[in-house]
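Computation of the quantities below employed the complete heavy-atom set of this structure, encompassing side-chain atoms and omitting hydrogens, waters and symmetry-equivalent molecules. So that the names make sense, note that chain A is the first sequence line, chain B the second, and so on, each numbered from 1.
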Amino acid sequence: MKVDKHSLLLYAVTDRSWLGDNSLAAQVEDAIKAGVTFVQLREKELPYADFVAEAKKVKEITAHYRIPLVINDNIEVAQEIDADGVHVGQSDLDVSAARALLGEDKIIGVSAQTLEEAVWAEKHGADYLGVGTVFPTSTKLDATGVSFAVLQDICSKVAIPVVAIGGINAENILGLQGTGIDGVAVVSAIFAQPDISAAARKLAALVQKAVKR
Amino acid sequence: MKHKGVIFDLDGTLLDSMPIWDNIGSKYLRTLGLAPAEDLHEKIKIMSLLQCAGLLREQYCLPYTEEKIMQQINALIEEQYRSLVPLKPHVITFLQRLNKAGAELCIATATDRYLVEAALERLGIAGYFKFILTCGEAGCGKDVPVIYHRALELLNTRLDDTVIFEDALYAIKSAKAAGFTVVGVHDASAASDEEAIKSIADSYIYTFEEWKVEER
């Protein structure tokens, strides 16, 4: 298995909305030092050259701490900077292209909202699943909710690791106990916080109780 | 871009395959252990494959018939489509975006189907296209717009809802004359036609990053 499920424990998805005067790489470093175990670089608006430049800086950090780095949706950026992989949506075409262009050794994460999508993604070669949204979220307005029961069902029926995503924070994270997830993915619960290190540290302690034993 | 249908040329538009054709004579001679003359490329670039085979046979005293030489060159080209030809910059991201936007995509190419399929399968992008149409199948080259009309029929989109991406001047000319919206795509192999293409095509792009896709 290309992705060690323990590395998915506290999965941080970047968001430059709350950057302020900081650099994204510096925020990622703070988050990793405080316990983040996996990083997904997500950029929706950046031109290619800026995206690549940003990804290179973040990769320097993740490589230094030996934390996997995947790129959201952009196979080409992942290829260019030799990232550890990509995270793509529920599109068979994108999964096939990512596998062909990045090779067998890279991590391909796929988003899923239903058991059918989860089983499908596993069958098509996904290395892990991002399942959500598990709680209402402000960062993805159009995201569809996934119930506790569906999340539980997915975790019991796929062999690849599952990360819960969507609206997870220190207040509700323990609500995922008993679902069978391998980790939680967070965005604003880390990057929107005034003290990123403190926020990540708190989540890193709580997530131990939320994942399956 | 709100276009519902997109017709892509393959070589020089989606694939960076022109260097293969550019140096094919030299590559072929090297497989035989021969050193190509420096001006070989200039000489053969406007020749048909048959003429090229004749020139190579004569000038390099090859012990093969022209037909055999053509076969060997074709095998070499096939090998490169199967194992080597890369996508041009930003193609994969563009295809992902068009797919998300719900556009129907196809390929209209002068290259033989088995070569097209070999390259697309290896690159993992075959699934993005509804179909592949070759000039051989359409019965004409791109100097007439038959292949584009046929592609439009198969896409089942309207002429004003469809756009062609193409790097070759002669193909752009015939598509424009037939009333299509055509975006000229820069390729190093057609650099000398750049100004002519810009004057005929509806737009001209250096890479696909410049073309904005409106998500639905």
Go through the atoms of B/Leu123 and report whether side chain, backbone, both or neither lie under 4.5 Å from a heavy atom of chain A.
both
Quick one: CG on A/Asp92 to OH on B/Tyr128, what's the gap to the nearest 0.5 Å?
8.5 Å
Count the heavy atoms belonging to other residues, nucleotides or ligands that lie under 6.0 Å from NZ of A/Lys123, then report whether that count exceeds 12.
no
Check the surroundings of atom NZ in B/Lys198: do more than 12 heavy atoms from other residues, nucleotides or ligands lie under 6.0 Å from it?
yes
Would you sort out whether B/Phe129 and A/Leu93 count as a side-chain contact (heavy atoms from CB on, under 4.5 Å), showing the intermediate values?
CA-CA 10 Å; B/Phe129 303 97; A/Leu93 304 179; over 6 Å; no
Below 4.5 Å from any heavy atom of chain A, which atoms of B/Gln96 appear? Answer side chain, backbone, both or neither.
both
Give the intermediate values and the outcome of salt bridge (charged side-chain N to carboxylate O under 4.0 Å, His left out) for residues A/Asp73 and B/Arg97.
CA-CA 10 Å; A/Asp73 212 32; B/Arg97 284 184 184 153; over 6 Å; no
Are more than 12 heavy atoms, taken from residues, nucleotides or ligands other than B/Lys27, located less than 6.0 Å from that residue's NZ atom?
yes
Between A/Glu76 and B/His90, is there a donor-acceptor pair closer than 3.5 Å when you use the side chain of the first and the backbone of the second?
yes
Is there side-chain contact between B/Thr93 and A/Ile75, with at least one heavy-atom pair below 4.5 Å?
no
What part of B/Leu87 gets within 4.5 angstrom of chain A, counting heavy atoms only: side chain, backbone, both, or neither?
side chain
